[in-house]
Amino acid sequence: MKDTPREVLIWQIVEKDLPDTIGISAKEYEYVGWQYQTGMNVGEINLMLELKIGQNSWEPSDLSEEEVMRLIMAKVPTSDEYHEFLFILRISPYIDTLYVDYKYKGESGIGRAERFVFHDDYAWTAEQEQLFQELCLDNRNCRYKYGMFDEIFDYYSNIHPDWNLRRYYTDSVRVLDHIYHCMRKNTVKELLYKCGLDMLAKHSADIDDLNLLSSNPSEVYDNVPMKALRALNCDAGGEMLCNDEYRKLFKTLGKINGEIFFQPLNDAQCGYIKHLYDRKLTPKEISRIYLSRRSELSYLWHPRQFRDFLCKVKGVETLSDLANIDPIYGKYLRPGDDDNEIAEIQLYLLQAREFYDRAVRVSNRKREYDWQERDNGYVVRYPQTINDFCREAAYMRNCLLGYVDAVTNNATTILFMRRTDDVNAPFITLEIYEGELTQAYHRFNKDCTPEEAGWIRDYCKRHNIGYGKFMFDRALDLAE
């Protein structure tokens, strides 16, 4: 950057052990030494890199109190919902604005007014910068005249084409932030704004490891190539670049397949790359999977569209993870149709499997062991694990998943009836509640055959389980 500030020169001399050519005072040496020993927080980083902090050589003239009050009172809001305004008092030769909250802390009347002035080499205090961020930039309740921002954009983009101003139609106040940092000079934001990286500038205050000696955007982001930075110039990209792990990822992706950054990415595309990375995929896998869906993602410009897309993707991914546990899940569950079941099984098998396995084992110890038996072509047994329970539910397509807590708390008893020639294949699910048979159904809750019903009656007799109230053939029993 041109006209390197004294603070940065001091840092360079101390860090690189260069000859002192600028006459550093003992106090300045002491300050830099303290920074080395204690580390620098965001405030101190801004002091070093974001430069001209000190006395301003120019100060705005005082506002006429009468004129300001006349302007403010002329715009008193008629609605309690919208009571914050940003007034543009002048555009040139400098920009003068006034933020007004007519109902500060719930009280009626003019509760708060803050002035923000934009002029070459004019720097606000750290407190003023924070206030502008909170009251204007990030405040969706703050109202203003959109036409004034058109005038500001037209005027300053004409006299300062090097500022690379943008007309932020959905975030108009950002043009003031853009102008402020280009006027103030030598800030990280100025560097990014002038290079057309406006969305990166928006999030630059959150960078976790700022390079104090940066002279170009690539150095600001740990040498992520400029080509990648231009491609990642969106909200999601700016947020990801603030974190070291994602900067490393983008550098690796660029080396593996530069095609990823051949065209600008939108928020959905960056969000999908983040999603793949968070799933612990390798950079090669991320590159391959992302490129296969890049075109589809390019049409997703609203956050809700991406949420819907990601919900479907996660359903497919979860089902794939479950199928790795047991192929029965991939065979009998379908994303979209069975999302609730998939989400429940994901909880039981991918998030809390150890807990539920133990709960199943403990509950089984409290049951009648003799109810498990093998006789005349059939086997009856308890679920042994939570996967045992879930795979039965996935195949049978009934409401079995709703019984997990009741079973583990011994509020009811679920038994699996299988054929001896295929003991692992779900066949009939039984429920015994308070000593009575309450359910005995095939897949899709179909009734048992007369032969199967006869075997179940004999089973109940052997174990003193009541069955008189259960309808084995609902059509026949109801007719009677």
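The residues of the chain are indexed from 1 along the displayed sequence. Since the structure is predicted, the reported quantities are computational estimates derived from the model, not experimental observations. Just so it is clear, the values below take in all heavy atoms, side chains as well, and ignore hydrogens, waters and symmetry mates.
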Query raised in the report: Does the side-chain hydrogen bond (donor to acceptor under 3.5 Å, both in side chains) test come out yes or no for Q130 and E134, once each step is laid out?
Result: CA-CA 6 Å; Q130 185 66 27; E134 293 176 359; 2.8 Å; yes
Requested in this report: Under the side-chain hydrogen bond (donor to acceptor under 3.5 Å, both in side chains) rule, what do N56 and D121 come out as? Steps first, then yes or no, please.
Outcome: CA-CA 7 Å; N56 287 310; D121 295 319; over 6 Å; no
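Using a 30° and 60° split on the angle between ring planes, Y193 and H178 fall in the parallel class, below 30°.
By the ring pair (Phe, Tyr, Trp, His ring centres under 6.0 Å) test, F149 pairs with Y144, sequence neighbours left out. By the salt bridge (charged side-chain N to carboxylate O under 4.0 Å, His left out) test, D337 pairs with no residue at all, sequence neighbours left out.
Note that R397 lies outside the cation-pi zone of Y332, set by a 6.0 Å cut-off to the ring centre and a 45° limit from the axis. For the pair R90 and Y94, the distance from NZ or CZ to the six-membered ring centre is under 6.0 Å and the angle to the ring normal is within 45 degrees.
A 4.5 Å side-chain heavy-atom check between I207 and S204 finds at least one atom pair inside the cut-off. The shortest distance between side-chain heavy atoms of F85 and Y99 does not fall below 4.5 Å.
Checked by atom type and distance alone, the side chain of Q269 pairs as donor or acceptor with a backbone atom of N266 at under 3.5 Å. Checked by atom type and distance alone, the side chain of Y246 never pairs as donor or acceptor with a backbone atom of Y277 at under 3.5 Å.
The distance from the CG atom of L281 to the CZ atom of R288 is 8.5 Å, given to the nearest 0.5 Å. The CZ atom of R174 lies 5.0 Å from the CG atom of L137; values are rounded to the nearest 0.5 Å.
In summary, the aromatic rings of Y272 and F309 are positioned with their centroids under 6.0 Å apart.
Salt-bridge formation is detected for the pair R247/D208: a Lys NZ or Arg NE/NH1/NH2 atom is positioned less than 4.0 Å from an Asp or Glu carboxylate oxygen.
Screening N324, N387, D338 against Y329 for a side chain to side chain donor-acceptor pair (under 3.5 Å) leaves a single residue, N387.
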